[in-house]
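The structure under discussion appears below in the form of structure tokens.
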Amino acid sequence: MDAGSGWLTTEQAARRAGIKPDTLRHYAAQGLAPAPTRFGRSLMWDPAAITHWLATRPGRGTRTDLHPRA
């Protein structure tokens with residue numbers, strides 16, 4: 001697999017999300033962000049997956065640990 005120009009580095013993906021690279025890696029490990037693809041020793045991110053995640057993720061300060069009332 002070739003890490004062509006269509007892929008984002010962790011730093012680029014984090015910058016798009018407005019978060020730090022360590023935060024993005026943590027979110028991905030917890031299943032809160034799209035999983036990266038590994039190219040050798042580098043983690044690369046699909047731009048379409050990042051764009052979709054940003055469009056659908058809860059806003060800042062949203063309590064995602066609370067269950068909605070029925």
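Evaluated for a side chain to side chain contact (heavy atoms under 4.5 Å, CB included) with Pro34, the options Thr51, Asp46, Ile50 yield exactly one hit, Ile50.
Between Gln12 and Trp7, the shortest heavy-atom distance links the atoms OE1-O, 4.0 Å. Residues Ala28 and Trp45 come closest through the heavy atom pair CB-CH2, 3.6 Å. Minimum heavy-atom separation, Ala33 to Leu24: CB-CD1, 4.1 Å. Across Thr10 and Leu43, no two heavy atoms sit closer than the pair OG1-O, 3.7 Å. Smallest separation of non-hydrogen atoms from Ala17 and Arg57: O-NH1, 3.9 Å. Heavy atoms only, all atoms of each residue included: His52 and Thr56 are closest at O-OG1, 2.9 Å.
Residues satisfying the side-chain hydrogen bond (donor to acceptor under 3.5 Å, both in side chains) test with Arg25, not counting sequence neighbours, are Asp22.
Using a 4.5 Å cut-off on side-chain heavy atoms (C-beta onward), Thr9 and Met44 make contact.
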